[in-house]
There are 2 protein chains.
Amino acid sequence: QEKYRAMSPAEFFSRYKELAGFSNPTRAVYQTIRELVENALDATDTHGILPVIRVVVEPARGVEGENRYTITVEDNGIGVPPTVMADAFGRVLYSSKYVIRQTRGMFGLGVKAAVIYGQQTAGQPVTVISAMEDSDYVYMKKLFIDINENKPRIVEEGQWRKRGRWHGTRVSITIEGDWRRARSRVIEYIKRTAIVAPYAEIHLVTPEGDVYIFPRMTRKMPKPPREAKPHPHGVNLEQFKMILQSTRARTLKEVLVTEFQSVGEKSAVNFLREAGVSPDLNPKTLLRREYRDVLVRLVDKLRSYKGFRAPRSDYLSPIGADLIEIGLRRMFRPEFTAAVTRPARSYMGHPFIVEVGIAYGGSIPPREEPLLLRYANKIPLLYGEREDVAYKVVSGVNWKNYYVEFPAPLVVLVHIASTRIPYKEAGKESIGDVPEIESEIRAGVWEVARKLRIFLSRKRREAEIRRK
Amino acid sequence: QEKYRAMSPAEFFSRYKELAGFSNPTRAVYQTIRELVENALDATDTHGILPVIRVVVEPARGVEGENRYTITVEDNGIGVPPTVMADAFGRVLYSSKYVIRQTRGMFGLGVKAAVIYGQQTAGQPVTVISAMEDSDYVYMKKLFIDINENKPRIVEEGQWRKRGRWHGTRVSITIEGDWRRARSRVIEYIKRTAIVAPYAEIHLVTPEGDVYIFPRMTRKMPKPPREAKPHPHGVNLEQFKMILQSTRARTLKEVLVTEFQSVGEKSAVNFLREAGVSPDLNPKTLLRREYRDVLVRLVDKLRSYKGFRAPRSDYLSPIGADLIEIGLRRMFRPEFTAAVTRPARSYMGHPFIVEVGIAYGGSIPPREEPLLLRYANKIPLLYGEREDVAYKVVSGVNWKNYYVEFPAPLVVLVHIASTRIPYKEAGKESIGDVPEIESEIRAGVWEVARKLRIFLSRKRREAEIRRK
Ligand SMILES: Nc1ncnc2c1ncn2[C@@H]1O[C@H](COP(=O)(O)OP(=O)(O)OP(=O)(O)O)[C@@H](O)[C@H]1O
Ligand SMILES: Nc1ncnc2c1ncn2[C@@H]1O[C@H](COP(=O)(O)OP(=O)(O)OP(=O)(O)O)[C@@H](O)[C@H]1O
Ligand SMILES: [Mg+2]
Ligand SMILES: [Mg+2]
């Protein structure tokens, strides 16, 4: 007799940890640090706060077994409200980033996957300490995740009055991990993070007692990303039903104009007429069972109607071509750099901006293929390269056309900023090949490669002149 | 103010469909068919039934919009009990395969991801018709998935007395899909499935009215895989707690011997003594809060203790070296074939068997690199090749050592059979590089490559003799 049963999402990601990026003790160190650092940056630069982030990796005290480390990340961000703190850290698929905004986080899984990995390999609860700017109190919770029920199990909590005006969050997780093998990737991750966030101050303290400081290079921050209304092309049946349920709009036309972006009065009326639905229809009517077919057809047409404006991109927050060039120079001391921010495009109703940077020569060691630095919403991606759309594009370029002969001292940086990054995995390793994104990356790579060609052809002429 | 909220697993995979393999309308056709076919094979050959499977893809009737197809897969398998039918097809993370047994399915997500994709793109419920062998009735349900609540919403159901003795299941899902682009991959998938399951009869009917028949080649079936007890190395804290809760064993020693495989009386006692825990301890005692540290240390030691036997592999069901060679010959008409079934090994307490086949020459068209056919638990994997451990191994082989010069007419088949396949994605595209598995694949590839070299060196000598 077959044994049928359900599983909570906590059990699912506990049983299949590799789906969340926790494939082995080396990767677990990396993934724990990156999930905490990404949360820290989301809590700061997304809210216009100059980030100060401290990462400490130390041998776990009072925990048996070698290879046990306590990883602590502290930030000066917006903090976590005490009413949601337990769920934010103790319930899988719980998040403040399920909205339409460019953030690093998107799944509501990251820190919980680390908590689960820690509680299963080291038996320790996560410790969270947090204070919000407008509050007089600091709150603390130590908790495990109840894997079966997918809910937090608080084992200790407290609160105390602030002495200063601190705001921010400190998260401490103890895991089994192979620090020795993970070390170089962790340092590379933080280095690459700092390169595109020169307004951030980041410290890394290692178990050996080394302190890596990535100082703030500028107080100038890019404008933070903002939340947007959905675009008609990006809405699915369930989302549209939720909008109809919660809307205060009294007509269907008003729903389209007020609940969506890029829909004006005229296009709303034209669209509804074309769809054969009255613009004055009461939105709640569409939720009735007998209107299901009408609703499905309407959502279908919404997603494919060509008469709406493209999604707005002014709520995105790219790195900026200047910052990319500065970052490349700082990292590689090259002879040549160039960078471009492509015009915004969209896929599935979500706007995206591709940025490409290139660096050549100088201190860059020659390699058999370009060194590719991939970024998505300012997160450096260090795994899964060969299935990433950026790798597909960059390795498909005929570099000979640009006077590049391998081995060559060539670095290419690709950044995608969007309200929705099409990751192939819940562990955020690589980006799937969405055709619109692929063609923008290709256009951006060609654009900077052409500038490189100009530089290289001039160098070639100068070399010929010197030979005569 | 940040908006904090939870999401059900249905909403999670509905919002991030690419995580389940539904990245675009082309891939959606492929993924729907493969999920249904894999369920059909799990319902037959896993239970010793000679599979008869019929796949029909037809233009959707009464559904607006182009590119709408109804995909129906019918099998003669064990059927679905009426009491679980709604959850099996309408609740994400619900499965009969959450046990320790070699099956194609493992996540409890596959068919539900297809149902969600269908209901969102075509607005149609899934139709399931099923009958069990020992029952007089056939049951039918049409349902949607309530995305917010992650539960089935039945819109029609019925039952009727069987007229014959039919048993099996028919599942019908209507989706938006790009059949034209998906067609060749779907045919390739079914072809490759049939190659390693020559005891199965599979029919594919396409929207164009073509009928592909993959007839049964043999009635001889490999012994079906069987369910196993967990191995100590594969158990985590939560699983051990569940075992302690449900066990009827009265001592800790009895728990180890009866609830696990590969643990005898002697090794149980030795292990517990080494762990400093009494073999006579009442298992329920370990569940008390004050024993948490003891429990954590015990599970830790369980996972690393060297004194237990390796996991048993007799409950696995490999393809078999003969069948692999026959399949390769049928598919490619090569000049040479060889195949090997490696000895069983284990990772994380789960046994696995690697099988490698090689084919050369004859009708194989020369290519710049080997054509790699990847299989996991008899499922052909057609996506994500470049991040797959098998690709890493095969592309890393120095084929010159084996007298192979590219372009060359070379095919390599790699199959991994296990109670737990370490997929990198919930959409089952590629296999992560677990060191134990990687080294077995490498050993297997070298083994068949050496046989190829003997063949090629003999051909070389014969060619030289002819020239003189
Ligand atoms: N350092 C922090 N400061 C403020 N809030 C935080 C911090 N870390 C986590 N949170 C809150 O906890 C929530 C859950 O974090 P978690 O990493 O699990 O998911 P996420 O960041 O939303 O998405 P992802 O899984 O993609 O990382 C966040 O959405 C955020 O609201
Ligand atoms: N054709 C079928 N015959 C019998 N049972 C079936 C069939 N299709 C599905 N089921 C039942 O429904 C359950 C859910 O199927 P589903 O594909 O969602 O998950 P799974 O096969 O268990 O895992 P995976 O997500 O890896 O495919 C199965 O575990 C099985 O019990
Ligand atoms: Mg996060
Ligand atoms: Mg399945």
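Letters go in sequence order (proteins before strands), and every chain restarts at 1. As a basis for the values below, the full set of heavy atoms in this structure was taken, side chains included, without hydrogen atoms, waters or symmetry mates. Because the structure is predicted, anything quoted here is derived from the model rather than measured.
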Enquirer: So for atom CZ, which belongs to Arg181(A), do other residues, nucleotides or ligands contribute more than 12 heavy atoms lying within a distance under 6.0 Å?
Expert: no
Enquirer: Mind running side-chain contact (heavy atoms from CB on, under 4.5 Å) on Lys17(B) and Asn236(A) for me, showing each step along the way?
Expert: CA-CA 12 Å; Lys17(B) 293 181 180 63; Asn236(A) 63 38; 4.2 Å; yes
Enquirer: With a 4.5 angstrom heavy-atom cut-off, is it the side chain or the backbone of Phe107(A) that approaches chain B, or both, or neither?
Expert: both
Enquirer: Please test Glu11(A) against Leu93(B) for side-chain contact (heavy atoms from CB on, under 4.5 Å), starting from the C-alpha separation and ending with a verdict.
Expert: CA-CA 10 Å; Glu11(A) 190 183 351; Leu93(B) 306 189; over 6 Å; no
Enquirer: Specify the closest pair of heavy atoms between Gly384(B) and Glu387(A), including all atoms of both residues, with the distance to one decimal.
Expert: C-OE2, 3.2 Å
Enquirer: State whether the number of non-hydrogen atoms from other residues, nucleotides or ligands found under 6.0 Å of Glu133(A) atom CD is greater than 12.
Expert: no
Enquirer: Shorter than 4.5 Å, heavy atoms on both sides: which option in Val84(B), Leu237(B), Leu109(B) has the most such pairs with chain A?
Expert: Val84(B)
Enquirer: Just jot down the side chain to side chain donor-acceptor pair (under 3.5 Å) partners of Thr169(B), sequence neighbours excluded, or say none.
Expert: Ser130(B)
Enquirer: Considering only heavy atoms from C-beta outward, does the side chain of Gln119(A) approach that of Glu238(B) to under 4.5 Å?
Expert: yes
Enquirer: Under 4.5 Å, counting heavy-atom pairs only, tell me which of Gly123(B), Ser14(B), Gly432(B) racks up the most with chain A.
Expert: Gly123(B)
Enquirer: For chain A, which residues from residues 298-305 of chain B lie under 4.5 Å away (heavy-atom distances)?
Expert: Asp300(B), Lys301(B)
Enquirer: Using a cut-off of under 4.5 Å for heavy-atom pairs, which of Arg289(A), Arg101(A), Lys97(A), Arg91(A) has the most such pairs with chain B?
Expert: Arg101(A)
Enquirer: Between Ser95(B), Ser8(B), Pro422(B), which residue shows the highest count of heavy-atom pairs closer than 4.5 Å to chain A?
Expert: Ser95(B)
Enquirer: Heavy-atom distances under 4.5 Å only: say whether Met106(A) touches chain B with side chain, backbone, both or neither.
Expert: both
Enquirer: Write down the atom of Tyr4(A), the atom of Gly79(B), and the distance for their closest heavy-atom approach.
Expert: OH-O, 4.1 Å
Enquirer: Within the supplied structure, the quantity of interest is the number of heavy atoms (other residues, nucleotides, ligands) at a distance under 6.0 Å from Glu66(A) CD; does it exceed 12?
Expert: no
Enquirer: Report which part of Thr121(B) has an atom under 4.5 Å of a heavy atom belonging to chain A: side chain, backbone, both, or neither.
Expert: backbone
Enquirer: At a heavy-atom distance under 4.5 Å, which candidate from Ile147(A), Asp87(A), Val92(A), Val296(A) has the highest pair count against chain B?
Expert: Ile147(A)
Enquirer: Which one, Arg297(B), Gln124(B), Met242(B), Lys241(B), leads in non-hydrogen pairs under 4.5 Å with chain A?
Expert: Arg297(B)
Enquirer: Just how far is it from atom CD of Glu425(A) to atom OG of Ser430(B), taken to the nearest 0.5 Å?
Expert: 8.5 Å
Enquirer: Given that the side chain runs from C-beta out, which part of Ile78(B) has a heavy atom under 4.5 Å from chain A: side chain, backbone, both or neither?
Expert: side chain
Enquirer: For Arg5(A), does the CZ atom have more than 12 heavy-atom neighbours from other residues, nucleotides or ligands under 6.0 Å away?
Expert: yes
Enquirer: So which part of Glu227(B) gets closer than 4.5 Å to some heavy atom of chain A, the side chain, the backbone, both or neither?
Expert: side chain
Enquirer: Between Phe144(B) and Arg292(A), is there a cation-pi geometry (under 6.0 Å to ring centre, at most 45° from the normal)?
Expert: yes
Enquirer: What part of Phe13(B) gets within 4.5 angstrom of chain A, counting heavy atoms only: side chain, backbone, both, or neither?
Expert: side chain
Enquirer: Non-hydrogen atoms of chain A under 4.5 Å away: do they reach the side chain of Val99(B), the backbone, both or neither?
Expert: both
Enquirer: What are the two closest non-hydrogen atoms of Tyr98(B) and Ala6(A), and how far apart are they?
Expert: CE1-C, 4.3 Å
Enquirer: Looking only at heavy atoms, what is the nearest atom pair of Tyr423(A) and Leu19(B), with distance?
Expert: O-CD2, 3.9 Å
Enquirer: Can you measure from CD (Glu18(B)) to CZ (Arg420(A)) and round to the nearest 0.5 angstrom?
Expert: 4.0 Å
Enquirer: Looking at Lys424(A) and Glu429(B), what are the two nearest heavy atoms and their distance?
Expert: NZ-OE1, 3.5 Å
Enquirer: Below 4.5 Å, heavy atoms only, C-beta onward: do His47(A) and Glu2(B) meet side chain to side chain?
Expert: yes
Enquirer: Of the backbone (N, CA, C, O) and the side chain (C-beta and beyond), which part of Asp433(B) lies under 4.5 Å from a heavy atom of chain A, both, or neither?
Expert: neither
